[in-house]
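The residues of the chain are indexed from 1 along the displayed sequence. Small disclaimer: the values here were computed from a predicted structure and weren't measured.
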Amino acid sequence: MTQQKQSEAATSRFIDIQEGDKTLHIHYNDCGSGDETVIMLHGSGPGATGWANFNRNIDPLVEAGYRVILLDCPGWGKSDSIINTGSRSDLNARILKGLVDALDLEKVHLLGNSMGGHSAVAFTLTWPERVGKLVLMGGGTGGMSLFTPMPTEGIKLLQGVCREPTIDNLKKMMNIFVYDTSALTEELFAARLENMLSRRDHLDNFIKSGEANPKQFPDFTPRLGEIKAQTLIVWGRNDRFVPMDTGLRLLAGIAGSELHVYRDCGHWAQWEHADAFNRLVLDFLGR
Ligand SMILES: O=C(O)/C=C/C(=O)/C=C/C=C(\O)C(=O)O
């Protein structure tokens, strides 16, 4: 990996967004400039942030002339924490709407990882006129799998880390994020552990939210036909968090969609196959 050009500190921004009767202090990173904006939405793992999920994808998109915005959803990173009792996909979509309105962005491309994919679909269903193209990676809708018992082994480990945030539990979870564990370094584990332990409130509230409403990510399958945006669906063949047949449901439901499956790839295609993923996304956005 070459030295990263954009830095987290230099691109870090905050904004206050009204959510019901609360004002949430929300963190995002704003990188590069360009006529077209790509907003990246991270997954729901403990310690995930926009920067942690997408640090291998920012520079190539910025260098290709896109403005890239990474939103930390409520309950993650430096954003305010929240106990969420409704649909978390829709909560994140409302926060995203607050952000695009405040930044005066008429239309944006959305790239979502896992929960971020679910949230991108929720946003598109409610505000279709604000969406250019969609990239859904390892996510896009909740719902059952025909082949894999739910919750998946990955989601069970993820919940275990929130309940007991130890380095051993974190390693067990991260070891199945990816196909090739040799790429996981002690530095990466340490950074993720620090993210998690610096915001224990996020972990506690994630568990409390799940207890209040186990269906945090609703099944959008019956509404997928409403999506008109051109959509690139990306999956890892060896995903142990969100099963690959979720990608097939998205492909069947969204008329203007195509699916790319990486071999030797877990739930983090954007990280594990970063170079190929960046080329795929740039080709799709540029068409
Ligand atoms: O339960 C779901 O459908 C969604 C799960 C996730 O969003 C898991 C994501 C995990 C990551 O990608 C992460 O980096 O933590």
Side-chain angles (χ1 to χ4, degrees), residues 1-15 17 25-45 47-74 76-79 92 95-96 98-100 102-117 119-120 132-138 174 177-178 183-185 187-196 198-199 232 234 267-286:
M1 271 290 135
T2 49
Q3 183 69 33
Q4 191 154 19
K5 294 185 184 122
Q6 300 287 320
S7 83
E8 200 285 322
T11 59
S12 176
R13 313 269 184 276
F14 285 91
I15 187 170
I17 296 177
H25 198 50
I26 296 293
H27 177 257
Y28 65 100
N29 296 93
D30 196 345
C31 312
S33 57
D35 292 342
E36 295 183 47
T37 301
V38 180
I39 302 198
M40 299 187 179
L41 302 166
H42 61 79
S44 70
T49 63
W51 202 269
N53 267 197
F54 296 112
N55 57 71
R56 292 186 169 182
N57 318 108
I58 302 161
D59 283 345
L61 269 79
V62 166
E63 279 159 20
Y66 292 96
R67 179 178 179 183
V68 175
I69 294 178
L70 311 162
L71 169 66
D72 285 352
C73 296
W76 277 270
K78 289 180 261 185
S79 288
N92 294 339
I95 299 301
L96 175 57
L99 182 67
V100 294
L103 298 182
D104 210 10
L105 296 167
E106 202 182 314
K107 211 166 217 186
V108 291
H109 305 302
L110 298 178
L111 190 162
N113 161 33
S114 203
M115 170 183 79
S119 310
K133 294 186 179 180
L134 269 181
V135 182
L136 305 176
M137 198 201 63
M174 289 182 72
F177 263 149
V178 292
L184 298 175
T185 59
E187 194 188 351
L188 186 68
F189 290 132
R192 191 83 185 212
L193 186 69
E194 191 187 321
N195 277 359
M196 269 165 42
S198 64
R199 293 301 300 259
L232 172 66
V234 181
H267 192 52
W268 266 0
Q270 87 289 4
W271 188 86
E272 207 170 6
H273 291 266
D275 291 343
F277 176 83
N278 293 332
R279 285 194 300 270
L280 182 73
V281 169
L282 283 172
D283 172 69
F284 170 71
L285 293 178

Study note, to complete from the structure: Note: G98 and I17 closest approach over all heavy atoms is C-CD1, 3.9 Å
Review point. Does R56 offer a backbone N or O that forms a donor-acceptor pair with the side chain of N278 under 3.5 Å?
Key: yes
Review point. Where do V234 and A269 come nearest, in terms of heavy atoms and distance?
Key: CG1-CB, 4.2 Å
Exercise for review: Using only heavy-atom distances, determine whether the side chains of H27 and S12 contain a donor-acceptor pair under 3.5 Å.
Suggested key: yes
Exercise for review: Go through the steps to decide whether V68 and F54 satisfy the test side-chain contact (heavy atoms from CB on, under 4.5 Å), and finish with yes or no.
Suggested key: CA-CA 10 Å; V68 175; F54 296 112; over 6 Å; no
Exercise for review: Measure from the side-chain N and O atoms of D72 to the backbone N and O of S79, and report whether any donor-acceptor pair falls under 3.5 Å.
Suggested key: no
Check your understanding: Is the count of non-hydrogen atoms from other residues, nucleotides or ligands lying under 6.0 Å from E194 atom CD greater than 12?
Key -> no
Point to revise | Side-chain touch I69/L99, heavy atoms, less than 4.5 angstrom | key: yes
Practice item. Output yes when a side-chain donor or acceptor of Q4 lies under 3.5 Å from a complementary backbone atom of N55, and no otherwise. Key: yes
Study note, to complete from the structure: Between the CG atom in L188 and the CH2 atom in W271, the distance rounded to the nearest 0.5 Å is 5.5 Å
Revision key, fill the gap. To the nearest 0.5 Å, atom CG of L41 lies from atom CG of N92 at 7.5 Å
Practice item. Name the orientation class of the two ring planes belonging to Y66 and H109 (parallel below 30°, tilted from 30 to 60°, perpendicular beyond 60°). Key: perpendicular
Point to revise | Student check: side-chain heavy atoms of V281 and V38 closer than 4.5 Å | key: no
**Study point:** Minimum side-chain heavy-atom gap L96-S119 below 4.5 Å
**Key:** no
Review point. Rounded to the nearest 0.5 Å, what separation is found between the CG atom of D30 and the CZ atom of R67?
Key: 4.0 Å
**Study point:** N53 side-chain N/O to G43 backbone N/O, donor-acceptor pair under 3.5 Å
**Key:** yes
Study note, to complete from the structure: Heavy-atom closest pair (Q6 atom, C31 atom, distance to 0.1 Å) is OE1-CB, 3.5 Å
**Study point:** Flag side-chain contact, heavy atom, 4.5 Å: F14 against K78
**Key:** yes
Check your understanding: Would you say F177 and L184 make side-chain contact, with heavy atoms under 4.5 Å?
Key -> no
Review point. So do L61 and L285 actually touch side chain to side chain, heavy atoms under 4.5 Å?
Key: yes
Practice item. Would you check if K5 and V62 make a side-chain contact, meaning some heavy-atom pair closer than 4.5 Å? Key: no
**Study point:** D275 side, atom CG; L280 side, atom CG - distance, nearest 0.5 Å
**Key:** 12.5 Å
Exercise for review: Could you tell me whether the side chain of N57 and the main chain of A274 form a donor-acceptor pair under 3.5 Å?
Suggested key: no
Exercise for review: Assess whether atom CG of D283 is packed by more than 12 heavy atoms of other residues, nucleotides or ligands within 6.0 Å.
Suggested key: yes
**Study point:** Shortest non-hydrogen contact from R199 toward G77
**Key:** NH1-O, 3.6 Å
Revision key, fill the gap. What one should report as the nearest heavy-atom pair of F284 and L134 is CE2-O, 3.5 Å
Check your understanding: Taking all atoms of both residues into account, what is the closest heavy-atom pair of H267 and N113, and its distance?
Key -> O-OD1, 4.0 Å
Review point. Could you state the interatomic distance from CH2 (W268) to CZ (F277), rounded to the nearest 0.5 Å?
Key: 13.5 Å
Check your understanding: Side chains of I39 and Y28: does their closest heavy-atom pair fall under 4.5 Å?
Key -> no
Review point. Just how far is it from atom CG of L136 to atom OG of S114, taken to the nearest 0.5 Å?
Key: 11.0 Å
